[in-house]
Protein chains: 2
Amino acid sequence: MMVKRTSFEGDSCPIARSLEALGDWWSLLIIREALFGVRRFGEFQSKLGMAKNILSVRLRALVDHGILETAPASDGSAYQEYVLTPKGRGTFPILVALRQWSEEFDDHPEEIATILVDRAKGRPVRKLEMRAEDGRLLSPADTTLKPRPARRRRSA
Amino acid sequence: MMVKRTSFEGDSCPIARSLEALGDWWSLLIIREALFGVRRFGEFQSKLGMAKNILSVRLRALVDHGILETAPASDGSAYQEYVLTPKGRGTFPILVALRQWSEEFDDHPEEIATILVDRAKGRPVRKLEMRAEDGRLLSPADTTLKPRPARRRRSA
DNA sequence: CTTGTGTGGTTGCATCATAAAACCAATTGC
DNA sequence: GCAATTGGTTTTATGATGCAACCACACAAG
């Protein structure tokens with residue numbers, strides 16, 4: 001009957017495509033931990049408090065998507081580690097956007113334990129803002145979608 | 001046995017808290033459509049191609065989370081509509097971050113159909129960037145987490 | 001080398017969420 | 001009034017998740 005959890009893999013919308021890799025309950029939290037330097041299976045498992053089997057599945061999926069890669073060692077032991085690729089580190093703005101949305105709109109902000117600060121000054125970071133090429137600040141209404149221009153062949 | 005799909009509702013991490021509301025497969029896509037002006041049940045259903053029962057569940061959850069609200073009419077008919085609240089419109093940077101991540105890192109960028117442009121000039125918007133209070137551009141490594149300062153009572 | 005312990009998983013089973021399709025009531029269009 | 005459309009709910013099948021048990025390998029001690 002092929003009910004199959006609807007994949008967005010072939011979707012032409014870039015948001016749907018990113019959700020294909022990041023859209024489940026745990027992946028972004030695993031990446032969050034990885035950005036804090038977590039690398040080992042057991043460390044992910046204990047910090048996130050999740051079942052080992054699904055952690056296993058998620059780690060493999062993140063590796064398959066090129067978000068994590070397995071590295072042979074680091075402290076000399078024969079075990080492997082999971083480290084972020086550039087693609088994985090590129091999710092940082094997504095995590096910041098999620099964080100700022102909670103900080104601004106959560107119904108119980110007093111339950112939020114941490115704030116993201118500029119390391120040099122110890123002051124909160126600014127809200128992410130959308131700007132035009134020339135630097136003008138853009139609101140959602142100032143933007144629109146255009147069809148992607150066809151990539152021209154042979155350089156330019 | 002109470003296996004219960006682990007809720008992040010009580011979690012103190014703002015990322016986990018936002019995923020509580022947005023972290024499933026469809027919610028962000030529903031919000032994406034709503035940002036484009038989609039308001040009616042059938043319109044969501046046909047544009048997203050999703051099953052009506054789960055659309056029904058998702059819309060109710062988004063209303064419960066204060067992301068959508070039901071409005072009585074608009075074109076005079078007796079049906080209701082789903083419109084974004086300010087909290088719902090506040091997810092825009094999240095969607096932009098997801099979009100830009102795909103644009104930058106997707107393995108098949110040629111399959112991405114649209115680009116987000118500045119309406120006035122028709123030129124692509126800039127990448128979201130993280131800045132300090134004083135305007136310095138920040139990389140992930142330039143940031144750190146601090147415990148949230150206790151809110152002081154009675155104004156300031 | 002053998003035994004014990006911790007790390008890094010896999011397997012089995014119960015439960016939950018999701019998907020497709022059928023069904024249905026209220027609202028419209030005619 | 002009658003048929004089609006809208007906006008759902010119900011039913012049923014299957015995939016995903018969660019927990020606990022199990023297991024292989026590395027490593028350390030004796």
Side-chain angles (χ1 to χ4, degrees), chain A residues 1-11 16 19-30 33-34 38-65 68-83, chain B residues 1-11 16 19-30 33-34 38-65 68-83:
Chain A
M1 215 173 162
M2 300 242 308
V3 222
K4 258 221 168 158
R5 211 198 185 312
T6 45
S7 160
F8 301 123
E9 207 169 351
D11 199 301
L19 291 176
E20 177 71 20
L22 308 172
D24 69 284
W25 287 89
W26 290 110
S27 294
L28 282 168
L29 296 177
I30 292 172
E33 295 302 324
V38 171
R39 294 158 157 260
R40 297 284 281 256
F41 186 95
E43 208 178 351
F44 284 110
Q45 202 256 319
S46 62
K47 295 224 178 191
L48 291 171
M50 66 191 294
K52 297 197 294 181
N53 54 349
I54 106 142
L55 174 57
S56 182
V57 171
R58 286 284 159 267
L59 287 173
R60 218 187 332 268
L62 289 169
V63 169
D64 287 347
H65 279 107
L68 293 175
E69 60 189 0
T70 54
S74 149
D75 65 340
S77 77
Y79 297 114
Q80 68 176 352
E81 296 182 341
Y82 297 90
V83 297
Chain B
M1 217 172 162
M2 302 241 307
V3 222
K4 261 236 179 136
R5 214 193 181 310
T6 45
S7 159
F8 302 125
E9 207 171 349
D11 200 301
L19 291 176
E20 176 71 20
L22 308 172
D24 68 285
W25 287 89
W26 290 110
S27 293
L28 282 168
L29 296 177
I30 291 171
E33 295 302 323
V38 171
R39 294 158 158 260
R40 296 284 280 257
F41 186 96
E43 207 179 351
F44 284 110
Q45 202 257 318
S46 62
K47 295 226 176 188
L48 291 171
M50 66 191 294
K52 297 197 293 179
N53 54 351
I54 105 142
L55 174 57
S56 181
V57 171
R58 286 284 161 267
L59 288 174
R60 220 188 327 271
L62 289 169
V63 169
D64 288 346
H65 279 107
L68 293 176
E69 59 189 359
T70 54
S74 149
D75 67 339
S77 77
Y79 296 115
Q80 66 175 355
E81 292 181 345
Y82 298 90
V83 298

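Below, chain A is the first sequence line, B the second, and so on; all start at residue 1. A quick note: this is a predicted structure, and the numbers were derived from the prediction, not measured.
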Taking 4.0 Å as the cut-off, does a side-chain nitrogen or oxygen of [X] come that near to OP1 or OP2 on [N]?
X: Trp26(A); N: dG18(D); value: yes
X: Arg60(A); N: dG9(C); value: no
X: Trp25(B); N: dG15(D); value: no
X: Arg40(B); N: dT6(D); value: no

Nearest-Å distance, [atom1] ([X]) to [atom2] ([N])?
X: Asp75(B); N: dG29(C); atom1: CG; atom2: C1'; result: 14 Å
X: Arg58(A); N: dG18(D); atom1: CZ; atom2: C1'; result: 12 Å
X: Glu43(A); N: dG8(C); atom1: CD; atom2: P; result: 9 Å
X: Phe41(B); N: dT27(C); atom1: CZ; atom2: C1'; result: 16 Å
X: Leu48(B); N: dA20(C); atom1: CG; atom2: P; result: 13 Å
X: Asp24(A); N: dT17(D); atom1: CG; atom2: P; result: 6 Å

Could you check whether Arg39(B) pairs with Asp75(B) (Lys NZ or Arg NE/NH1/NH2 to Asp/Glu carboxylate O, under 4.0 Å)?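 Salt bridge between Arg39(B) and Asp75(B), a charged N being under 4.0 Å from a carboxylate O: no.
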First locate atom [atom1] of [X], then atom [atom2] of [Y], and finally report the distance between them rounded to the nearest 0.5 Å.
X: Leu19(A); Y: Leu22(B); atom1: CG; atom2: CG; answer: 10.0 Å
X: Met50(A); Y: Trp25(A); atom1: CE; atom2: CH2; answer: 13.0 Å
X: Leu55(A); Y: Tyr82(A); atom1: CG; atom2: OH; answer: 7.5 Å
X: Ser56(B); Y: Phe44(B); atom1: OG; atom2: CZ; answer: 12.5 Å
X: Gln80(A); Y: Leu59(A); atom1: CD; atom2: CG; answer: 9.0 Å

Short of 4.0 Å, heavy atom to strand atom, which residues of residues 49-56 of chain A count as contacting DNA chain C?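 Those residues whose heavy atoms fall under 4.0 Å from DNA chain C, taken from residues 49-56 of chain A in numerical order, are Lys52(A), Asn53(A), Ser56(A).
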Between the base of dG6(C) and the side chain of Tyr79(A), is there a donor-acceptor distance below 3.5 Å?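 Between dG6(C) and Tyr79(A), which were checked side chain against base, a qualifying N/O pair under 3.5 Å is present.
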Considering every strand and a 4.0 Å limit on heavy-atom distances, what is the contact class for Gln80(A): base, sugar-phosphate, or nothing?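 Here Gln80(A) touches the backbone only, sparing every base.
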At under 4.0 Å between heavy atoms, what does Tyr82(A) touch on the DNA or RNA strands: base, sugar-phosphate, or nothing?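 Answer is sugar-phosphate: Tyr82(A) comes under 4.0 Å of backbone atoms only.
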Enumerate the residue pairs fulfilling salt bridge (Lys or Arg N to Asp or Glu O under 4.0 Å) with a member in residues 50-63 of chain A, sequence neighbours excluded, ordered by first and then second residue.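 Salt bridge (Lys or Arg N to Asp or Glu O under 4.0 Å) check on residues 50-63 of chain A returns Asp24(A)-Arg58(A).
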